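It should be emphasised that the depicted structure is a prediction, and the values quoted were computed from it without experimental measurement. Lettering follows sequence order; numbering is per chain, from 1.
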Amino acid sequence: MRFSQYPINTTKETPAEAEVTSHQLMLRAGMIRRVAAGIYSWLPLGLRVVRKVEHIIREEMNRAGALEILMPAVQPAELWQESGRWIEYGPELLRLKDRHERDFVVGPTHEEVVTDIARRELRSYRQLPVNFYQIQTKFRDEVRPRFGVMRGREFIMKDAYSFHADEASMAAGYAAMRAAYVRMFTRMQLNFRSVQADTGAIGGSASEEFQVLADSGEDAIAVSDGDGFAANVELAPAAAPTQARAVPAQALEKVATPHMKTIADLSAFLGVPREQCLKTLLVDATDGGVVALVLRGDHELNPVKAQKLKGVANPLRMASAAAVKAASGSEPGFLGPVGLDCPIYADHAARNLADFVCGANAPDLHLQGVNWARDLPEPASADLRNVVDGDPSPTGKGQLRIVRGIEVGHIFQLGRKYSQAMNATVLDESGQSITMLMGCYGIGVTRIVAASIEQNHDERGIIWPDPLAPFHVVLIPLNLQKSAPVRAAADALYAELAAAGVEVLYDDRDARPGVKFADAELLGIPHRLVLGERGLQAGSCEYRHRRAADNEDIPLASVTRFIKAKLAG
RNA sequence: CGGGGCAUGGCGCAGUCUGGUAGCGCAUCUGCUUUGGGAGCAGAGGGUCGCAGGUUCAAAUCCUGCUGCCCCGACCA
């Protein structure tokens with residue numbers, strides 16, 4: 001491709017709207033342009049990268065035996081009503097009406113449509129297992145799109161759905177997809193981890209996420225330094241303390257704590273460490289009342305764990321101010337478990353405290369020297385908190401470290417959640433009708449592009465790994481407009497490389513060398529060839545990798561072979 | 001949804017407080033010079049200042065309403 005014919009507009013200045021590195025670089029390199037909040041156009045350069053990602057995904061999906069299909073983006077409401085998600089899915093589901101006032105959705109995912117296909121097409125256990133996948137545009141009306149294409153509303157996803165006659169087959173299909181994902185992300189040269197995950201709105205049982213490690217990631221992951229354990233913090237179990245609770249040493253005492261509504265304020269005011277204070281959160285109960293969740297002051301509530309507790313409303317909702325007042329007689333900021341008239345769950349760590357501080361359920365008052373059993377009944381205890389850095393690993397080996405990740409893939413064993421709701425059955429060996437089991441497997445194609453940049457950039461721009469690079473080589477001739485020998489040699493080299501199947505961006509612009517170097521580095525083309533009069537007289541061409549600091553002189557005659565070897569390596 | 005901020009040529013910004021000829025840098029176009037790290041000179045094009053009302057002799061600027069975008073929050077009682 002000749003740069004002079006390629007509409008890439010690079011900028012030196014970073015657009016004000018971009019917050020994270022990948023978004024900034026994608027805008028500066030002219031890969032994407034924003035059309036509306038969370039909605040982007042992909043320009044030629046950016047789309048080339050998307051296609052590279054898709055290509056690797058297709059190859060590995062096909063290798064794993066999955067079959068490509070293409071389902072519609074716009075889907076009839078009936079299917080969603082049938083699965084129950086017309087109501088369940090909430091405001092992220094973009095709903096619309098056609099000219100006949102019929103309800104439709106713009107698909108955020110395709111379980112309904114694919115299950116409909118399966119129940120129509122699959123009749124016999126002999127046709128199972130089968131795995132259908134597609135690479136297609138999704139729309140999720142995110143509350144808050146951000147970070148460019150990392151959390152957009154419209155995005156490209158590879159989604160796959162497998163159908164099985166029994167559990168063993170579903171587990172095998174899941175394992176095959178897991179292996180395929182490892183191959184794909186390895187080929188894309190992403191630094192990733194697979195982690196145990198919550199199943200969330202999709203539903204189902206076993207599930208793992210593939211997380212690209214990056215400080216800008218939105219997900220927190222707990223990784224053990226003692227073994228292979230890794231889990232999303234949403235799910236990672238916090239081990240209960242192993243030491244016995246200390247015996248009470250202090251007397252119960254009421255202390256005035258005017259306006260001390262937060263743990264930080266309280267801790268500073270009383271000179272008591274945060275981990276010696278309790279916080280009491282009231283959440284809605286399933287019966288219309290409230291449930292108290294009690295945590296150590298330095299811990300955070302884990303909503304995913306909490307909403308699974310008996311009696312707690314799912315999804316988790318904090319109690320209204322009125323409900324708080326009714327249950328405690330106080331206002332938020334001074335709540336405590338002592339004398340509280342509602343079910344109480346204490347986190348294991350909170351239950352292990354002695355002589356702690358908590359709210360007195362009266363304005364501007366807290367209790368000090370409080371002890372379970374002595375001053376109030378022993379509470380039900382549960383795992384309610386997020387694990388923190390340094391917690392023991394739930395496997396018993398090593399400690400947990402908290403790292404950040406970008407979720408680029410997620411695989412689930414769905415079981416019968418959709419097949420049952422939508423009556424997707426086949427006949428088994430004995431002619432009995434059985435409900436198929438399903439697995440589903442997603443990959444955020446466009447998000448991978450951003451994630452790769454987050455992991456591969458420097459102060460000058462992007463550094464593409466070969467498999468995702470929009471072009472393998474950038475060919476920069478110097479003084480092209482003036483030097484006939486340079487032009488002849490560059491044209492010839494460009495043609496030779498192209499004929500050898502190398503993807504070359506030929507910078508034939510009438511621009512100064514500095515401009516070309518700067519653009520090549522911003523665009524992140526991994527291999528650079530520079531052709532100047534000086535080198536030409538010696539019969540050589542300069543080569544430099546985007547990550548390298550120095551040039552190498554390569555004899556002109558062997559440049560193509562040299563580049564092919566680099567790309568093969 | 002709550003809070004904060006922003007909206008002026010393609011991009012980045014000034015001008016708004018204190019109303020009075022719309023400006024700067026980058027980018028773009030033309031010409032000449034220049035050509036190994038974002039060139040110089042000379043010239044040119046491009047903006048109904050987000051939209052709609054209002055105040056005023058006069059509005060980018062003041063007032064009202066709306067829209068869009070960005071950031072933070074939406075457990076930490």
Whole angstroms only, please: what is the [atom1]-[atom2] distance between [X] and [N]?
X: Lys482(A); N: U35(B); atom1: NZ; atom2: C1'; answer: 8 Å
X: Asn479(A); N: A39(B); atom1: CG; atom2: C1'; answer: 14 Å
X: Glu92(A); N: A74(B); atom1: CD; atom2: P; answer: 17 Å
X: Glu218(A); N: A74(B); atom1: CD; atom2: P; answer: 14 Å
X: Asp510(A); N: G31(B); atom1: CG; atom2: C1'; answer: 13 Å
X: Glu19(A); N: G5(B); atom1: CD; atom2: C1'; answer: 13 Å
X: Arg487(A); N: U35(B); atom1: CZ; atom2: P; answer: 17 Å
X: Leu301(A); N: C75(B); atom1: CG; atom2: C1'; answer: 5 Å

Reckon [X] touches a base, only the sugar-phosphate, or nothing at all at heavy-atom distances under 4.0 Å?
X: Glu521(A); result: base
X: Leu478(A); result: base
X: Asn551(A); result: base
X: Asp519(A); result: base
X: Val324(A); result: base
X: Leu27(A); result: nothing
X: Arg528(A); result: base
X: Pro15(A); result: sugar-phosphate

Picking from [options], which would you name as closest to the side chain of [X]?
X: Arg28(A); options: G38(B), C70(B), C76(B); answer: G38(B)
X: Ala16(A); options: G12(B), A77(B), C71(B); answer: G12(B)
X: Pro513(A); options: C69(B), G36(B), A77(B); answer: G36(B)
X: Val515(A); options: C1(B), G36(B), A39(B); answer: A39(B)
X: Ala37(A); options: C76(B), G38(B), C69(B); answer: C69(B)
X: Arg460(A); options: G37(B), C69(B), C75(B); answer: G37(B)
X: Glu13(A); options: G25(B), A77(B), C71(B); answer: G25(B)
X: Lys12(A); options: G38(B), C76(B), A77(B); answer: G38(B)

Task: N/O (side chain, Arg512(A)) to phosphate O (OP1/OP2, A39(B)) under 4.0 Å - done: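 So the side-chain polar atoms of Arg512(A) do come within 4.0 Å of the phosphate oxygens OP1 or OP2 of A39(B), strictly under.
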
TODO: Establish, with yes or no, whether the OP1 or OP2 oxygen of A77(B) is under 4.0 angstrom from a side-chain nitrogen or oxygen of Thr262(A).
DONE: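 Checking A77(B) against Thr262(A), a side-chain N or O does come within under 4.0 Å of OP1 or OP2.
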
Task: RNA chain B: 5'-proximal contact among Thr14(A) and Gly514(A) (nearest heavy atom) - done: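 Nearest-nucleotide comparison on RNA chain B picks Thr14(A).
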
Open item on the list: Heavy-atom nearest nucleotide on RNA chain B for Ala319(A) versus Val530(A): which residue maps closer to 5'?
Closed with: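 The answer here is Val530(A).
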
Look at the side chain of [X] and the base of [N], then say whether one donor and one acceptor between them are separated by less than 3.5 Å.
X: Arg509(A); N: G38(B); result: no
X: Asn9(A); N: G10(B); result: no
X: Glu300(A); N: C75(B); result: yes

Return the nucleotide paired to [N]: Watson-Crick means purine N1 to pyrimidine N3 with N6-O4 or O6-N4, wobble means G-U with N1-O2 and O6-N3, both under 3.5 Å.
N: U48(B); answer: none
N: C13(B); answer: G23(B)
N: G2(B); answer: C72(B)
N: C32(B); answer: G40(B)
N: U61(B); answer: none
N: A7(B); answer: U67(B)

Open item on the list: Ignoring hydrogens and geometry beyond distance, is a side-chain donor-acceptor pair present between Arg544(A) and Asn551(A) at under 3.5 Å?
Closed with: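 A donor-acceptor contact under 3.5 Å links the two side chains.
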
Check ion pair [X]-[Y] (N to O, under 4.0 angstrom):
X: Arg385(A); Y: Asp391(A); result: yes
X: Glu218(A); Y: Arg151(A); result: yes
X: Asp458(A); Y: Arg546(A); result: yes
X: Arg351(A); Y: Glu378(A); result: yes

Spacing of the [atom1] atoms in [M] and [N] (rounded, Å):
N: U34(B); M: U21(B); atom1: P; result: 43 Å
N: G65(B); M: U18(B); atom1: C1'; result: 26 Å
N: G43(B); M: U35(B); atom1: C1'; result: 23 Å
N: A22(B); M: G47(B); atom1: C1'; result: 8 Å
N: G9(B); M: C17(B); atom1: C1'; result: 26 Å
N: G73(B); M: U55(B); atom1: P; result: 43 Å
N: C49(B); M: G31(B); atom1: P; result: 34 Å
N: A52(B); M: U61(B); atom1: P; result: 13 Å

TODO: Sequence neighbours left out, what passes ring-ring contact (aromatic ring centres under 6.0 Å, His included) with Phe269(A)? Give chain and number order.
DONE: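 Not a single residue meets the ring-ring contact (aromatic ring centres under 6.0 Å, His included) criterion with Phe269(A).
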
TODO: Apply ring-ring contact (aromatic ring centres under 6.0 Å, His included) to the pair Phe471(A) and Trp464(A), showing each step before the final yes or no.
DONE: CA-CA 9 Å; Phe471(A) 295 95; Trp464(A) 292 113; over 10 Å; no

Task: Contacts of Arg404(A) that satisfy side-chain contact (heavy atoms from CB on, under 4.5 Å) - sequence neighbours left out - done: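 Arg404(A) satisfies side-chain contact (heavy atoms from CB on, under 4.5 Å) with Ala220(A) only.
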
Task: Lys279(A) side-chain N/O to Ile263(A) backbone N/O, donor-acceptor pair under 3.5 Å - done: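 Checking the backbone N and O of Ile263(A) against the side chain of Lys279(A), no donor-acceptor pair under 3.5 Å is found.
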
